[in-house]
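This chain uses plain numbering: 1 for the first residue, then up along the sequence. None of the values given here were measured: they were computed from a predicted structure.
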Amino acid sequence: MREGGGFERLWKNNEFTSRLISVIFDEAHCVSIWKSFRPDYKHIGQLRYLLPHTPFYLASATFPDEIRHEVMSTLQIQSNRCSLIQLSNDRPNIHLEVRKIRHKQSAFDDLNFLIPPTSERASGDSIPKFLVFFDDIDECVRAADHLRARLHPNERESVHWFHAQMSEEFRQEDLAGFQGPRLYGLTCTDSFGMVSTITCEA
């Protein structure tokens with residue numbers, strides 16, 4: 001958004017802009033939350049004037065109404081020219097539980113309830129599907145290693161980690177594996193997915 005910058009020249013280049021399919025804001029709530037230290041976000045609504053015929057898409061899993069309204073105002077998006085898609089994360093097959101942390105967090109022992117010891121599982125007992133979210137990629141990987149160590153060697157590939165540094169191919173494979181019978185669970189960062197999307201007409 002810097003005046004006279006390279007991107008400004010691109011936005012004004014018809015040969016370039018005529019090939020734009022859309023402008024997509026992943027984690028769009030950051031337009032509101034981060035603009036105190038990403039000042040360009042305050043001016044990003046200018047793109048709506050520079051690219052008047054390009055659809056804008058906003059995606060976020062954390063889009064409460066007040067944040068959504070602020071982001072739409074910043075981006076100069078009119079509510080009567082938008083399609084809003086909201087999918088609840090309330091799923092009857094998902095069990096939410098709060099547990100007090102009793103062990104050193106770096107040991108990951110508080111996750112042991114997800115995978116009972118092999119000796120306590122009857123033959124053929126299935127492990128309920130689980131997702132464990134982390135803010136840090138290294139923690140995500142270490143937690144997966146901890147949980148895999150609790151499984152029989154033949155089962156250890158049933159728990160994987162999932163984060164943004166993986167290739168798209170691996171992430172798609174793990175998503176399919178989690179949706180099917182191949183994976184018991186994933187330790188993941190917030191790259192795992194989105195549940196709320198806004199589509200704005202050009």
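The list of salt bridge (Lys or Arg N to Asp or Glu O under 4.0 Å) pairs with a residue in residues 157-171, not counting sequence neighbours, reads Arg148-Glu157, Glu168-Arg171.
Within the 3.5 Å criterion, the main-chain N or O of Leu183 finds a donor-acceptor partner in the side chain of Lys129.
A search for side-chain hydrogen bond (donor to acceptor under 3.5 Å, both in side chains) contacts involving Asn112 returns His146, not counting sequence neighbours. Residues that satisfy the side chain to side chain contact (heavy atoms under 4.5 Å, CB included) test with Ile24, not counting sequence neighbours, are Ser22, Tyr57. The side chain to side chain contact (heavy atoms under 4.5 Å, CB included) test applied to Asn13 returns Glu15, Phe16, not counting sequence neighbours. Every residue two or more places apart in sequence or in another chain was checked for a side chain to side chain contact (heavy atoms under 4.5 Å, CB included) with Pro92, and none qualifies. Remark: Phe170 engages Met166, Ser167, Glu173 in a side chain to side chain contact (heavy atoms under 4.5 Å, CB included) (not counting sequence neighbours). Annotation: side-chain hydrogen bond (donor to acceptor under 3.5 Å, both in side chains) contacts of Arg142 (sequence neighbours excluded): none. For the side-chain hydrogen bond (donor to acceptor under 3.5 Å, both in side chains) test, residues two or more places apart in sequence or in another chain that qualify with Ser32 are Glu70. Scanning for ring-ring contact (aromatic ring centres under 6.0 Å, His included) contacts around Phe25 gives Phe56, with sequence neighbours left out. Evaluation of the side-chain hydrogen bond (donor to acceptor under 3.5 Å, both in side chains) rule for Asp145 yields no partner, not counting sequence neighbours.
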Checklist entry - Can you list the steps and then say if Leu151 with Ile127 is a side chain to side chain contact (heavy atoms under 4.5 Å, CB included)? => result CA-CA 11 Å; Leu151 291 165; Ile127 293 174; 3.8 Å; yes

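Note that OH of Tyr184 and NE2 of His160 are 12.0 Å apart. Values are rounded to the nearest 0.5 Å. Within the model, atoms CD of Gln78 and CZ of Arg48 stand 8.0 Å from one another, a figure rounded to the nearest 0.5 Å. Atom OG1 in Thr74 sits 11.0 Å away from atom CE in Met72 (nearest 0.5 Å).
Using a 4.5 Å heavy-atom threshold, the side chains of Leu147 and Phe130 count as touching. Looking at Ile77 and Leu58, their side chains come closer than 4.5 Å, going by heavy atoms from C-beta outward. Contact of the Thr187 side chain with the Val141 side chain is not registered, since no non-hydrogen atoms from C-beta on lie closer than 4.5 Å. Side-chain contact between Val159 and Ile115 is present, with at least one heavy-atom pair separated by less than 4.5 Å. Side-chain contact between His163 and Trp161 is present, with heavy atoms from C-beta onward closer than 4.5 Å. Residues Leu50 and Lys12 have side chains in contact (heavy-atom distance under 4.5 Å, counting atoms from C-beta outward). Residues Thr17 and Leu51 form a side-chain contact, since some pair of their non-hydrogen atoms from C-beta on lies under 4.5 Å apart.
Under the 30°/60° scheme for interplanar angles, the aromatic rings of Tyr41 and Trp34 are found to be tilted.
Nearest heavy atom pair, residue Ser60 against residue Ala28, reads CB-N, 4.0 Å. Taking every heavy atom of both residues into account, His53 and Pro55 meet most closely at O-CD, 3.7 Å. Contact between Ala149 and Arg156 at its shortest, heavy atoms only, is O-NH2, 3.7 Å.
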Which donor-acceptor pairs under 3.5 Å do the side chains of residues 133-140 make with protein atoms, sequence neighbours left out?
unit_1	atom_1	unit_2	atom_2	d
Asp136	OD2	Asp138	N	3.0
Asp136	OD2	Glu139	N	2.9

Quiz: residues 99-109 side-chain donor-acceptor pairs under 3.5 angstrom, not counting sequence neighbours:
unit_1	atom_1	unit_2	atom_2	d
Arg99	NE	Glu97	OE2	2.7
Arg99	NH2	Glu97	OE2	3.0
His103	ND1	Asp110	OD1	3.2

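By the neighbour-count criterion of 12 heavy atoms within 6.0 Å, atom CZ of Phe113 is densely surrounded, having more than that number from other residues, nucleotides or ligands.
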